[in-house]
Protein chains: 2
Amino acid sequence: MEKIIHRYKGKGFKLTPQRLAILKFLEGNNEHPTADEIYTGLKNDYPTLSVATVYNTIETLRDRGEIAEVTIDPERKHFDPNTTPHHHIICMECKRIADIFEDYTSEIALPQEVVEEFSVAGNHIDFYGVCRECRG
Amino acid sequence: MEKIIHRYKGKGFKLTPQRLAILKFLEGNNEHPTADEIYTGLKNDYPTLSVATVYNTIETLRDRGEIAEVTIDPERKHFDPNTTPHHHIICMECKRIADIFEDYTSEIALPQEVVEEFSVAGNHIDFYGVCRECRG
DNA sequence: TACTACCTTAGAACAATTCTATTATAATAT
DNA sequence: ATATTATAATAGAATTGTTCTAAGGTAGTA
């Protein structure tokens, strides 16, 4: 909490109670919540919190590079407070997303014609599988 | 055209003019069109074609494994008639998507705890970059 | 040629997200 | 402390991408 306040103070970022709540919700959260999950997870404690505020805050944080958008689930966007480059695996049954902290950059050499056509900024691997719980 | 007809005849798949048009539109198309782009690309020739039919046909083809859903663009789904496993790179400016036919599976060994938790079915790499045209 | 299961259609419905206009408030300067 | 101001929060409308619904149409087959 103190850490969060310290991190956002005096950087053209107003620390409102709503933002603080969202930041606290995301801090160390490795569940990759959606906007709606953030909203639902907070609305009991902050009954007047609006979805718009969640989206606004998410957008601000994303634009500042404080959180990452996870696109592995085609149905909705998930968010990840861990901005260290890493990969994801999604359970095709329950849609749970887990992190994979492994850097494969040196292993995945791109063909020359791609390197010539694109200046490559990064990569992200989506793995697809079924988690133990869903296999029974 | 003959090839397409031959491929879908007698497999519980009715070859309607609309479906034939969509199949023809997709055949060999490596532009990764969205549902709307398929619709827009055909509606001059098929003025009564409805968006629903495009979505229905896409869904049927996807379920039959004839086309693949490409999720690299968080804003909309793209479709790829090439179902050979391959990867994609998206230009972060113009959102154009290009194919990368390279198999990195043997290079990307997953950490043991992931392999224990998930039975892994596949992977897909998203590369991010800027294409030559967008760099000027 | 007639049947029937499947398909097409327009439009409504829906879900995720963004926008708008208004009110509120955190940060800052006084 | 207080006033100021730029920024944020809110509800709800709007937008976008996609799916559903109910009615009529048609490809495949018998």
Would you please confirm or rule out a distance under 4.0 Å between OP1 or OP2 of D:dA8 and any side-chain N or O of A:Arg19?
yes
Assert: residue with more 5' nearest nucleotide on DNA chain C, out of B:Phe13 and A:Glu59, is B:Phe13
I want to check a possible cation-pi pair here: A:Arg132 against B:Phe118, using under 6.0 Å from ring centre and within 45° of the ring axis as the test.
no
What about B:Lys14, does its side chain sit under 3.5 Å from the base of C:dA5 through a donor-acceptor pair?
yes
Could you tell me whether B:Asn56 contacts a base, only the sugar-phosphate backbone, or nothing, with contacts defined as non-hydrogen atoms closer than 4.0 Å?
base
Nearest whole Å is fine: how far is D:dT18 P from B:Arg62 CZ?
11 Å
Counting just side-chain N and O atoms, does B:Gln18 come under 4.0 Å of either OP1 or OP2 of C:dT9?
yes
Return whichever of B:Ala52 or A:Thr60 has its heavy-atom-nearest nucleotide of DNA chain D closer to the 5' end.
A:Thr60
With a 4.0 Å cut-off on heavy atoms, is B:Glu75 in touch with a base, just the backbone sugar-phosphate, or nothing at all?
sugar-phosphate
Which of the following nucleotides, C:dT9, D:dA8, D:dA11, is nearest to the side chain of B:Leu49?
C:dT9
What is the nucleic acid contact for B:Thr48, judged by heavy atoms within less than 4.0 Å: base, sugar-phosphate only, or nothing?
sugar-phosphate
Decide, yes or no, whether a salt bridge links B:Arg96 with B:Glu31 under the criterion of side-chain N to carboxylate O below 4.0 Å.
no
With a 3.5 Å cut-off and sequence neighbours excluded, list the donor-acceptor pairs that the side chains of residues 78-87 of chain B form with protein atoms.
from	atom 1	to	atom 2	distance (Å)
B:His78	ND1	B:His32	O	2.6
B:His78	NE2	B:Asp73	OD2	3.0
B:Asp80	OD1	B:Asn82	N	2.9
B:Asp80	OD2	B:His32	NE2	3.3
B:Asp80	OD2	B:His86	NE2	3.0
B:Asp80	OD2	B:His88	NE2	3.2
B:Asn82	OD1	B:Thr84	N	2.9
B:Asn82	OD1	B:Thr84	OG1	2.9
B:His86	ND1	B:Thr84	O	2.5
B:His86	NE2	B:His88	NE2	3.2
B:His86	NE2	B:Asp99	OD1	2.9
B:His87	ND1	B:Ile125	N	2.8
B:His87	NE2	B:Glu102	O	3.4

Output yes when at least one side-chain N/O atom of B:Tyr55 is less than 4.0 Å from OP1 or OP2 of D:dT19, else no.
no
Taking a hydrophobic cluster as the set of Ile, Leu, Val, Met, Phe, Trp and Tyr residues connected by side-chain heavy atoms closer than 4.5 Å, whether directly or through intermediates, do B:Leu26 and B:Val54 fall within one such cluster?
yes
OP1 or OP2 of D:dA27 versus the side-chain N and O atoms of B:Thr16: is any pair under 4.0 Å?
no
